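To start, the structure under review is shown below, and the notes come after it.
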Amino acid sequence: MHTLTIDGDQLQLEQNEANTIKGFGLLSCNNTSRLLMDYKWEQPQVYQQVLQHLFGGEHPLMRMLKVELGSDSNTSCGTEPAPKRAADEPADVARGMGFQLIADAKKIQPDLKTCMLRWAEPGFLRPSWQQVKSDDPDQKVPTASFEGMYQYYKQTVIAAWQAYGYVFDYIDPDRNETKHPMYRYLKWFAHRLQHDEDGFPEGFPLAKYHAIKLITSDQNYGTDMGTALLNDPELQAVIPAVGYHYNTDDGPDHPFTQIADRLHKEVWYSEGVAPVTFGTLRVQDTTGIGIGGFISALDIANRLVKSYARSRRSLYIFQPAIGGLYPGAKYPGKQLLEMDTPWSGYFQQDTVGLAVMHHFTDFTLTGWRDQTADKNWRYVPSATVSEVAGTENLSQAFGAASAMTLVAPDRTDYTVILVNDTSAPQRYQVNVKDLPVAGKSLHVWQTWADEKGKIHDREKVATLTPKEGVVTLSIAPRAIVSATTADFQPQAHLASPAVSEDQPLQQDPEKYVLFHDDYAYADMPADYLKRRGGTPRYTTDMDGAFEVVEHAGKQVLQQQITEQSRALAWETQTDPNFTVGDIRWLNYAAALTFTFDTTTQQNTVSANYVGLGVRSVDDFEGSLFSAPYAATITVGGKLRFYVRGALQITLDVPVFDADASHQLVVEATDRHITVQVDGKTYVNYADPSNQPGLAGQVKVGTGYFKTVIHNLTVTSTSATAVLGHRRDDLDAGLTFSDDHWARIAARFPHAWERSQSTGSQGATLDFDTEGTGFVLFGTQDQPSRLRITVDGRAQEVVPLKALAKQPNTMVTDLAAGQHHVTVTVIDGSYTFDGVAPIL
């Protein structure tokens with residue numbers, strides 16, 4: 001049994017913001033919020049419902065919204081557009097979703113805190129900031145360069161106020177996940193921010209601008225910023241808040257603990273993951289993790305406890321909380337809410353993840369002191385303990401303590417949060433002394449999954465009355481408990497849409513049109529494009545910037561970034577490209593009409609190209625060539641065809657007029673791929689491999705030129721054109737034989753929903769499906785053979801090796817309607833990642 005002592009004489013109630021629990025923040029960055037823009041315009045009720053749940057209520061889950069200051073370059077999952085692309089260009093904060101997401105959230109929670117940082121530098125700052133990626137940017141970036149960066153931040157802050165009426169609360173002037181904080185620059189920036197009086201528009205709240213706080217330095221795992229701050233009084237004078245990513249522990253000399261306890265400055269967990277593999281799926285994992293395990297909601301809960309116990313982090317910011325991006329991007333499947341089908345309004349939520357996080361907000365009062373009239377609760381360091389192992393992905397051994405204690409500032413209530421990510425129950429003795437509530441009853445709320453896999457969401461399991469200030473708390477295996485004296489009630493969950501609402505993207509099925517965009521948007525309000533910063537419907541930029549502009553009297557999509565304006569990349573960088581459409585598209589032709597930019601002179605003729613790819617579903621590198629099949633044509637008429645990123649065919653298109661508009665068509669029907677240019681077929685390819693791409697989205701790419709795209713049309717080429725709702729291998733609606741299966745959550749990002757099941761000889765899988773067929777997914781590491789029985793009729797199948805997230809088995813030509821399917825592994829080892837019906 002563990003012992004916790006809450007001693008009223010040892011409470012630390014007056015430490016500025018260092019000891020207040022602030023709850024959670026949402027990080028809108030690197031493409032993760034992009035599709036929310038389409039939900040906002042096309043599914044406004046769903047959009048508002050989600051924001052209300054995250055930011056509304058008496059105990060809001062999210063108290064902070066942090067945005068990335070974009071650079072038009074890929075920062076892992078895609079790009080965020082730069083508000084400014086030239087020093088003399090007015091800032092446009094309608095580009096991207098982050099700034100308007102803040103505005104919409106503030107309508108629900110007006111005092112929501114806001115923060116801004118940059119991931120990489122836009123092209124106009126690249127020459128003067130080239131040395132920011134060096135081993136000593138603080139000395140190698142010249143002082144003369146500081147003003148340009150300052151103006152980038154300043155003009156963006158002003159533009160956000162002009163467009164949406166708010167002023168940011170915090171700014172990190174440094175580079176995201178820097179390895180070498182720029183202390184000299186930070187001091188310069190703080191002074192400039194606090195004393196700038198010039199160049200502000202009429203009515204601008206200058207006092208609020210001068211009050212913006214600096215938060216530094218958003219390092220990835222590093223802790224040297226904390227040590228530097230402790231040793232530099234000048235830095236201490238201008239830095240009120242510090243934060244770093246992922247690492248729950250402090251530095252060797254505990255600098256961040258000292259920063260909070262001695263200097264009374266805020267310390268943030270300024271970027272952290274959300275759970276991967278939803279908790280409702282995890283309970284099917286055959287290793288018995290329940291709702292816990294590697295990168296689970298309970299793992300994140302343990303990080304919250306440990307990061308305060310070890311390094312005094314009082315705010316946890318999710319990267320991301322909402323997955324408003326396509327699931328093929330680099331780091332999919334880590335979110336509390338998955339919103340990637342805006343045409344249908346469908347979304348998925350990690351009800352377990354949300355419930356666990358609500359334990360830290362429902363039974364306390366979170367936020368900053370000015371948000372809560374100084375009523376937000378304080379941590380009790382002496383009664384907050386973490387004995388779990390690890391510094392990021394944590395491991396809780398049997399009996400290891402994980403407990404957080406919080407107290408109201410008027411000492412009238414307290415809450416103890418216990419986390420047990422083990423398969424054995426735990427007990428804690430809580431001793432309360434020198435507090436007026438020592439004898440007050442505790443309401444015990446618990447979230448866990450029972451032996452049948454049923455999720456118990458913040459159920460009230462007991463009411464306990466201490467005897468002489470002593471009470472014993474019990475916590476079930478793989479569970480979280482909040483024991484509170486306060487009369488708080490759990491916040492209700494979002495109402496989930498029905499699975500039937502998860503409709504694939506088919507804009508006009510009767511005319512075989514899956515998707516068409518001519519960028520005119522005649523069906524939308526007149527200010528549609530202006531309020532979206534020119535963002536086209538359903539597209540996510542993976543590098544570069546594709547925006548709708550007026551060209552020759554018509555609305556067109558144009559790539560905006562040239563070689564000269566290319567960003568100083570965060571890590572890697574590819575040519576400009578975007579993704580559009582539904583991962584469930586099967587057999588279709590994508591037709592792109594475009595005009596080359598022949599004015600911009602740079603690089604070589606071969607660098608000026610247009611590319612079109614089909615059936616992309618695993619876009620880990622954010623490249624055009626993530627598509628299994630792609631064709632490019634240069635301004636000189638050189639046509640190239642690629643299969644799985646490898647060049648297969650090179651041809652010359654005769655009498656090619658570089659100044660004319662052209663049409664490039666890539667068609668994929670079953671294994672047959674054709675490529676047409678201006679109506680003539682140049683490529684006719686049958687894929688003989690064991691890893692064909694059979695489903696996925698459209699990719700469009702260009703060189704660093706201002707290429708114009710007039711329209712994009714995707715039409716079905718077969719009756720088997722689209723898939724329905726995709727069920728994960730851990731879906732509770734699938735029935736597996738008790739033995740012969742290993743079903744594992746929290747796998748690598750290339751696995752669907754980051755889970756995978758492996759069946760050995762004799763393993764069976766049963767499910768019901770509706771449609772004219774179905775597909776099974778899963779990349780095969782070893783050969784296998786299956787018997788597939790549909791409505792009593794059996795056939796043997798050898799699964800494809802398959803690309804990540806691509807079908808390995810397809811059953812077609814069934815009669816439309818309900819079917820019962822049994823899959824039996826009759827030889828080898830079969831990897832199963834999910835199933836979807838053919839509609």
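Because the structure is predicted, anything quoted here is derived from the model rather than measured.
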Fill in: Parallel, tilted or perpendicular, as decided by the 30° and 60° cut-offs, for the rings of Phe736 and Trp741
perpendicular

Item to complete: Evaluate the criterion side-chain contact (heavy atoms from CB on, under 4.5 Å) for residue pair Leu394 and Arg303; output intermediate values, then yes/no.
Response: CA-CA 7 Å; Leu394 304 182; Arg303 298 179 203 210; 3.8 Å; yes

Item to complete: Go through the structure and list residues passing side-chain hydrogen bond (donor to acceptor under 3.5 Å, both in side chains) with Arg427, not counting sequence neighbours.
Response: none

Worksheet entry | Flag if over 12 foreign heavy atoms under 6.0 Å of NZ, Lys460 | yes

Worksheet, complete the sentence: For Leu325 and Asp340 the tightest heavy-atom approach is O-CB, 3.3 Å

Discussion item. Tyr244 vs Phe256, test: ring-ring contact (aromatic ring centres under 6.0 Å, His included). Steps then yes/no.
Written reply: CA-CA 10 Å; Tyr244 58 108; Phe256 289 97; 4.4 Å; yes

Discussion item. Show the nearest heavy-atom pair for residues Asp111 and Lys106, with the distance to one decimal.
Written reply: C-NZ, 4.3 Å

Fill in: Distance (rounded to the nearest 0.5 Å) between Asn220 CG and Asn247 CG
9.0 Å

Fill in: Between Thr412 and Asp410, a side-chain donor and acceptor under 3.5 Å
yes

Discussion item. Quick check: do Gln319 and Tyr331 have side-chain heavy atoms less than 4.5 Å from each other?
Written reply: no

Worksheet entry | Carboxylate-amine/guanidinium contact Arg310 Asp250, below 4.0 Å | no

Worksheet item: Checking Arg478 side chain against Asp421 main chain: does a donor-acceptor pair fall under 3.5 Å?
Response: yes

Worksheet item: So, Ser382 versus Asp7: side-chain donor-acceptor pair below 3.5 Å or not?
Response: no

Practice prompt. Measure from the side-chain N and O atoms of Thr277 to the backbone N and O of Ala746, and report whether any donor-acceptor pair falls under 3.5 Å.
Written response: yes

Worksheet item: How about Thr465 and Ser441: does a side-chain donor come under 3.5 Å of a side-chain acceptor?
Response: yes

Worksheet item: In terms of the angle between their ring planes, are Tyr166 and Tyr164 parallel, tilted or perpendicular, with boundaries placed at 30° and 60°?
Response: parallel

Item to complete: Would you check, one step at a time, whether the test side chain to side chain donor-acceptor pair (under 3.5 Å) holds for Asp249 with Thr391?
Response: CA-CA 6 Å; Asp249 280 2; Thr391 54; 5.8 Å; no

Worksheet entry | Minimum-distance pair of heavy atoms, taken over all atoms of Cys115 and Met64 | CB-SD, 3.7 Å

Item to complete: Would you indicate whether the side-chain heavy atoms of Val444 and Leu464 approach each other to under 4.5 Å?
Response: yes

Worksheet item: Are Arg747 and Asp729 within salt-bridge range, i.e. N to O under 4.0 Å?
Response: no

Fill in: Presence of salt bridge, Lys440 and Asp487, under 4.0 angstrom
no

Worksheet item: Would a distance-only check, ignoring hydrogens and angles, find a side-chain to backbone donor-acceptor pair under 3.5 Å from Thr405 to Ala383?
Response: yes

Discussion item. Let's go through Thr351 and Asp457 carefully: what are the C-alpha distance in whole Å and the side-chain angles of both, what is the deciding distance for side chain to side chain donor-acceptor pair (under 3.5 Å) to 0.1 Å, and is it a yes or a no?
Written reply: CA-CA 8 Å; Thr351 53; Asp457 178 358; over 6 Å; no

Discussion item. When you measure from the side chain of Glu68 to the backbone of Glu80, do you find a donor-acceptor pair of N or O atoms at a distance under 3.5 Å?
Written reply: no

Practice prompt. If the plane angle is over 60° it's perpendicular, under 30° parallel, otherwise tilted; pick one for His53 and His493.
Written response: parallel

Discussion item. Tell me whether Gln396 contacts the main-chain N or O of Val419 through its side chain, where contact means a donor paired with an acceptor under 3.5 Å.
Written reply: yes

Worksheet item: Got His443 and Thr463 here, is their nearest side-chain heavy-atom distance under 4.5 Å?
Response: yes

Worksheet item: Quick one: OG1 on Thr735 to CZ on Phe767, what's the gap to the nearest 0.5 Å?
Response: 10.5 Å

Item to complete: Give a yes or no answer on whether the side chain of Ser33 reaches the backbone of Cys29 with a donor-acceptor pair at less than 3.5 Å.
Response: no

Item to complete: For Glu387, enumerate each residue passing the salt bridge (charged side-chain N to carboxylate O under 4.0 Å, His left out) test, keeping only those at least two apart in sequence or located in another chain.
Response: none

Worksheet item: Is the distance between the ring centroids of Phe360 and Tyr316 less than 6.0 Å?
Response: no

Worksheet entry | Whether Arg378 side chain and Asn376 backbone form a donor-acceptor pair below 3.5 Å | yes

Worksheet item: Hey, which of Val407, Thr5, Leu4, Leu13 is the one that makes side chain to side chain contact (heavy atoms under 4.5 Å, CB included) with Val380?
Response: Val407

Discussion item. Assess the residue pair Asp362 and Phe488 against the criterion (side-chain contact (heavy atoms from CB on, under 4.5 Å)); give the C-alpha distance rounded to whole Å, side-chain angles, the decisive distance to 0.1 Å, and a yes or no.
Written reply: CA-CA 7 Å; Asp362 283 358; Phe488 295 148; 5.9 Å; no

Worksheet item: Do Arg458 and Gln491 have a side chain donor and acceptor closer than 3.5 Å?
Response: no

Worksheet item: Under a 4.0 Å N-O cut-off, is there an ion pair linking Glu753 with Arg282?
Response: no

Worksheet entry | Side-chain heavy atoms of Asp374 within contact of Pro409, under 4.5 Å | no

Discussion item. Set out, in order, the CA-CA distance, both residues' side-chain angles and the distance that settles side-chain contact (heavy atoms from CB on, under 4.5 Å) for Val46 and Met339, then state yes or no.
Written reply: CA-CA 10 Å; Val46 172; Met339 302 181 70; 4.2 Å; yes

Worksheet item: Which heavy atom in Lys66 sits nearest to a heavy atom in Leu117, and how many Å separate them?
Response: CE-CD2, 3.5 Å

Worksheet, complete the sentence: Paired with Ile21, the side chain to side chain contact (heavy atoms under 4.5 Å, CB included) test is passed by just one of Leu315, Leu406, Thr415, namely Leu406

Worksheet item: Under a 4.5 Å cut-off applied to non-hydrogen side-chain atoms, are Phe398 and Ser423 in contact?
Response: yes

Discussion item. Could you check whether any side-chain N or O of Asn420 sits under 3.5 Å from a backbone N or O of Ala424, counting only pairs where one atom can act as donor and the other as acceptor?
Written reply: yes

Worksheet item: Sub-3.5 Å donor-acceptor pair from the side chain of Asp38 to the main-chain atoms of Pro342, do we have one?
Response: no

Practice prompt. May I ask you to test the Ser757-Leu730 pair for a side-chain heavy-atom distance under 4.5 Å?
Written response: yes

Practice prompt. Classify the ring geometry between His725 and Tyr346 as parallel (under 30°), tilted (30 to 60°) or perpendicular (over 60°).
Written response: perpendicular

Discussion item. For a quick check under 3.5 Å, do Asp169 and Thr114 share a side-chain donor-acceptor pair by atom type?
Written reply: yes

Worksheet item: Side-chain donor-acceptor pair under 3.5 Å between Ser314 and Glu17, yes or no?
Response: no

Worksheet item: Are any non-hydrogen side-chain atoms of Met404 and Val416 less than 4.5 angstrom apart?
Response: no

Worksheet item: With a 4.5 Å heavy-atom cut-off, do Gln349 and Leu336 have their side chains touching?
Response: no

Worksheet item: Taking the six-membered ring for Trp, are Tyr379 and Tyr308 parallel (under 30°), tilted (30 to 60°) or perpendicular (over 60°)?
Response: parallel

Worksheet item: Under 3.5 Å, side chain of Gln348 to main-chain N/O of Glu338, donor-acceptor pair present?
Response: no

Discussion item. The test is salt bridge (charged side-chain N to carboxylate O under 4.0 Å, His left out); show your working for Asp370 and Lys113 and say whether it passes.
Written reply: CA-CA 10 Å; Asp370 61 336; Lys113 294 296 182 182; 2.8 Å; yes

Worksheet item: Run the side-chain contact (heavy atoms from CB on, under 4.5 Å) check on Leu418 and Leu473 step by step: do they pass?
Response: CA-CA 9 Å; Leu418 309 175; Leu473 299 175; 3.9 Å; yes

Worksheet entry | Minimum heavy-atom distance Ile480-Ala301, with the two atoms named | CD1-CB, 4.1 Å

